[in-house]
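Every chain is numbered from 1 and lettered A, B, ... according to where its sequence line falls, protein lines coming before strand lines.
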Amino acid sequence: MQAVPYDHIDIEERWQKTWEQHALFQNMATTNQPGDDWLYLLFAFAYPSGQGLHVGHVESKTALDILARFNRMRGKKVFFPVGWDAFGLPAENYAVKTGVHPVETTRNAINTFRRQIKRIGISYDWEAEVATSHPGYYKWTQWLFLEFYKKGLAYQGNGMVNWCPSCQTVLANEQVVNGACERCDSEVTQKNMKQWFFKITEYKDELISGLDQVDWPEPTKQQQLNWIGKSEGASILFPLHSGDKQIGELEVYTTAHDTIFGCTFMVIAPEHELLARHKSAISNWEAVSRYIEKASSKTDLQRQTNKEKSGIEVVGISLRNPFTQESVPLFVADYVLANYGTGAIMAVPAHDERDREFATAHKLPIRSVVEGNPDFISYSKIKAQRSAFKLTSSGKYSGLDFEVGRRDMLQDAKLQGFGKKSTQYKLRDWLISRQRYWGAPIPIVYDPEGKPHPVKEEHLPWTLPTDVDFKPTGESPLTSSKAFKARVEKLYGKGWRPEYDTMDTFVDSSWYYLRYGSARDESQFADPTKLKEMLPVDFYMIGPEHIVLHLLYSRFFTKFLRDQGYLKFDEPFTKMRHQGMILGPDGKKMSKSKGNVINPDEIIEKFGADTLRIYEMFMGPIESDKPWDVSAVAGMYRFLQRMHAAILSQVGEQATNAHPEQQVVRRKLHQTITKVTADIPALKFNTALAALMECLNQFERSSRSSSVVLPKEEVVAWVQLLAPFAPFLAEELYQKIQNSPSQFISLHQSDWPQADPKLAAEEQFEIPIQVDGKVRARVQIAADKLLDEAFVIERAQADPVVQRWILGSKPTARYISGKILSFSTQV
RNA sequence: GCCUCGGUGGCGGAAUUGGUAUACGCGUCAGACUUAAAAUCUGAUGGUCCUAGACCUUGUGGGUUCGAGUCCCACCCGAGGCACCA
């Protein structure tokens with residue numbers, strides 16, 4: 001067949017314009033009717049970087065767009081909004097470097113993105129667009145802060161916080177990766193500062209249990225659980241002695257209280273308050289305080305990487321093992337963390353690797369409590385099967401297995417009042433203050449005494465001043481704004497000052513999916529009716545890098561707002577999947593420095609947006625990482641070219657009478673309808689496209705021997721199957737088939753085709769015949785005989801090849817109806 | 001160290017509940033068209049044995065089964081996350 005060239009540039013520009021003129025997918029939220037069957041599809045809104053759209057954006061956007069178009073054609077009311085996570089460091093850093101104001105950079109970047117997204121045919125509802133840096137949006141971010149504040153869930157805390165010396169700002173725990181800043185990789189230091197926190201720990205248990213309600217990838221749930229880090233153990237009180245006199249007690253948290261008879265020393269973190277409190281009883285205080293000093297100057301990373309565990313004995317005070325009354329020495333060491341558990345541990349060097357390293361380095365006794373293990377066995381091994389290990393050197397508990405001993409010891413400790421069950425979490429409250437400019441100002445003002453007060457609601461949005469020196473100095477840039485200070489004094493009185501910090505941008509993104517439905521509503525953060533009708537989000541497509549940040553924070557916001565009566569659901573994202581990463585042709589992560597970046601604009605120029613879309617969908621499963629294959633893109637272009645030629649060959653033709661080849665094509669087409677209809681909701685876009693290719697292959701093969709012309713409604717159906725994947729070409733072909741220039745009705749408004757099972761049914765089936773587990777032959781069976789076991793067996797036995805393999809035996813036959821026939825010659 | 005996900009042709013990948021392994025695409029080879037090349041079209045394409053036919057093949061080794069890419073056990077390799085969390 002001679003390919004009629006298809007002009008992707010003309011087609012794509014034309015239909016993009018037409019769809020926009022007809023506002024095809026717009027205004028969904030404002031034109032809905034009560035009782036509409038909503039499907040809320042959410043794309044993780046992106047930071048509008050100056051680089052513009054990259055191929056990774058195209059992948060997830062296209063996947064969602066396919067779902068949107070498919071479901072609209074299936075009669076669903078689809079809500080598919082778009083927005084911008086527009087506050088953030090890059091625009092600010094750029095401003096520091098060039099002096100161009102972030103407002104301008106951001107506006108330009110958004111315009112670029114908009115143009116590019118429209119070009120690839122994403123059917124967003126642009127009427128619901130939001131940008132977090134817009135006062136109309138951050139007014140409500142601030143309002144939400146005040147809601148948290150009113151309920152005591154936004155509070156000012158004093159303490160050690162993570163500080164990035166390069167970004168010149170504090171960071172949340174979630175933004176520290178391996179002791180380094182997740183943005184710039186600088187080593188994070190600790191700094192004592194007064195900062196604002198959100199009390200996410202209030203919801204720690206529900207953040208765990210809520211995961212049972214959602215359809216998320218299991219590994220993602222695991223990772224969140226890991227981050228929350230619930231651990232169940234016991235808290236034990238050790239009496240603290242100075243000489244023979246008890247002067248207090250030390251509480252430790254342990255998950256291995258059953259090894260307490262093996263405790264040969266105690267360790268507390270350098271920050272532990274006990275040290276300062278009992279300073280006078282410590283005879284080597286000078287040395288101890290020197291150690292504390294040294295430890296506090298180290299970063300977390302430095303503490304972790306120092307293998308030979310440092311520490312110093314605290315002389316003058318000691319502890320008593322509450323079970324044995326034995327005196328145990330106390331050490332300060334920085335391998336014990338101040339902010340986990342009680343900041344103090346009982347060290348059992350025979351069953352804990354870290355304690356053992358410390359004991360070895362400081363020549364401390366090691367005492368095993370596990371029978372038959374005089375040297376070392378880690379508690380994690382014991383924990384795996386407690387009943388398999390027996391206690392020894394453990395007083396009256398010796399001889400019991402750990403299961404029983406553990407229970408008895410805790411019971412006795414409880415009875416005597418020095419121990420109880422205890423649960424610990426790794427999750428910390430969320431630090432939201434940032435000493436940066438380009439974010440939403442924290443709506444707090446301070447009176448002349450320095451006491452914080454909420455900004456009055458009528459003063460929202462609490463706008464970001466513009467007369468600001470961006471240069472990071474460690475002080476918040478807003479400090480340099482005269483207008484900001486003047487505003488506060490004017491509104492609140494002389495001597496009052498604003499809070500100069502802005503909010504972490506993750507605060508902005510924790511609630512944007514609630515805003516979309518009420519994007520232009522100036523009276524409330526979200527219209528309750530919209531929330532009720534459209535939320536929760538039905539399907540969320542988001543990169544795996546957001547698991548412990550955005551997804552956890554959003555769940556926290558949702559639960560809080562539910563408790564305030566604004567929401568009626570517990571979890572914001574019912575179903576969620578991650579897109580994989582698109583790698584460079586070399587199989588490595590795309591980066592400018594490696595020179596392996598694929599620019600989507602170039603692909604669009606050369607092959608068109610439809611080709612770009614279907615190539616990315618065809619690369620492999622949406623959730624896995626896939627390398628770019630430059631020549632495979634051309635293969636997708638060929639497919640569209642051939643598709644174009646095939647459909648054009650049908651336009652204006654009369655369907656041929658039931659020619660056998662026509663029957664073959666029609667059968668294939670109806671099978672393809674079934675396959676594509678099942679694959680799209682399962683997100684198997686690669687196999688759906690493979691099916692479309694097979695269908696075209698069949699058509700071309702059949703067309704070679706005789707001219708095949710399909711009934712018009714089947715040609716339409718064929719184009720409809722292509723519509724979600726290659727919307728431009730499909731529209732072009734559809735309009736050619738319809739040939740009704742007077743009125744425009746889009747293909748994307750038409751009803752999804754239905755397969756006719758009669759037409760899809762095969763007449764003949766090939767049944768493989770196995771002999772002793774190996775396929776030896778295949779026999780053709782007519783459809784009406786397929787379930788007739790005796791007939792199939794008889795057929796198979798008549799086959800000469802089968803005969804040869806079962807010769808001289810009495811095989812037992814097993815027929816798996818319609819699938820396979822298996823002979824076994826073994827007795 | 002702990003948690004999780006993977007390992008199928010030269011490459012990306014496909015394979016309902018265990019039931020024809022390698023669909024579809026790329027690449028490669030051959031042919032048609034062309035003065036020639038590109039583009040396009042046609043055919044072949046997991047490996048071994050000269051061919052027929054057979055044997056081998058889903059990271060490795062075992063097991064269950066009439067039948068295993070799929071289930072079970074042990075191990076090897078790769079990716080991601082967490083990590084002095086007591």
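Considering only residues two or more places apart in sequence or on other chains, A/E694 meets the side-chain hydrogen bond (donor to acceptor under 3.5 Å, both in side chains) condition with A/K668. Partners of A/F725 under the ring pair (Phe, Tyr, Trp, His ring centres under 6.0 Å) rule, at least two apart in sequence or in another chain, do not exist in this structure. By the salt bridge (Lys or Arg N to Asp or Glu O under 4.0 Å) test, A/E762 is found to be paired with A/R667, residues two or more places apart in sequence or in another chain being considered. Take A/D799 and apply the side-chain hydrogen bond (donor to acceptor under 3.5 Å, both in side chains) test, not counting sequence neighbours, and it matches no residue. For A/E766, the side-chain hydrogen bond (donor to acceptor under 3.5 Å, both in side chains) partners at least two apart in sequence or on another chain are A/Q780. When the salt bridge (Lys or Arg N to Asp or Glu O under 4.0 Å) test is applied to A/D679, the partners found at least two apart in sequence or on another chain are A/K675. Under the side-chain hydrogen bond (donor to acceptor under 3.5 Å, both in side chains) criterion, A/H362 pairs with no residue, sequence neighbours left out. For A/D215, the salt bridge (Lys or Arg N to Asp or Glu O under 4.0 Å) criterion is met by A/R577, not counting sequence neighbours.
No donor-acceptor distance shorter than 3.5 angstrom exists from the side chain of A/Y815 to the backbone of A/D788, with no hydrogens or angles considered.
At a non-hydrogen distance threshold of 4.0 Å, A/K684 from residues 671-684 of chain A come into contact with RNA chain B.
RNA chain B is contacted by both A/S380 and A/D355; A/S380 maps to the nucleotide lying nearer its 5′ end (nearest heavy atom per residue).
Not a single donor-acceptor contact under 3.5 angstrom links the side-chain atoms of A/K426 to the base of B/rC82. The base of B/rC66 sits with one of its N or O atoms less than 3.5 Å from a complementary donor or acceptor on the side chain of A/S822.
Among B/rU4, B/rU42, B/rG12, the nucleotide with an atom closest to any side-chain atom of A/P219 is B/rU4.
Following rounding to the nearest Å, A/E59 (CD) and B/rG12 (C1') show an atom-to-atom distance of 13 Å.
Every pair tested for side-chain hydrogen bond (donor to acceptor under 3.5 Å, both in side chains) that includes a residue from residues 336-349 of chain A fails, sequence neighbours excluded, so the list is empty.
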Under 4.0 Å protein heavy-atom contact, by nucleotide of nucleotides 20-25 of chain B - B base, S sugar-phosphate only: BS-BBS
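Taking the C1' atom of each, B/rG81 and B/rG61 are spaced 30 Å apart, rounded to whole Å.
Of the N and O atoms on the side chains of A/D610 and A/Y637, not one donor lies less than 3.5 Å from an acceptor on the other residue.
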Pairing pattern in dot-bracket form [Watson-Crick, G-U; both distances under 3.5 Å; | = partner strand] for RNA chain B: (((((((..(((......[....)))((((((.......))))))((((...))))..(((((..]....))))))))))))....
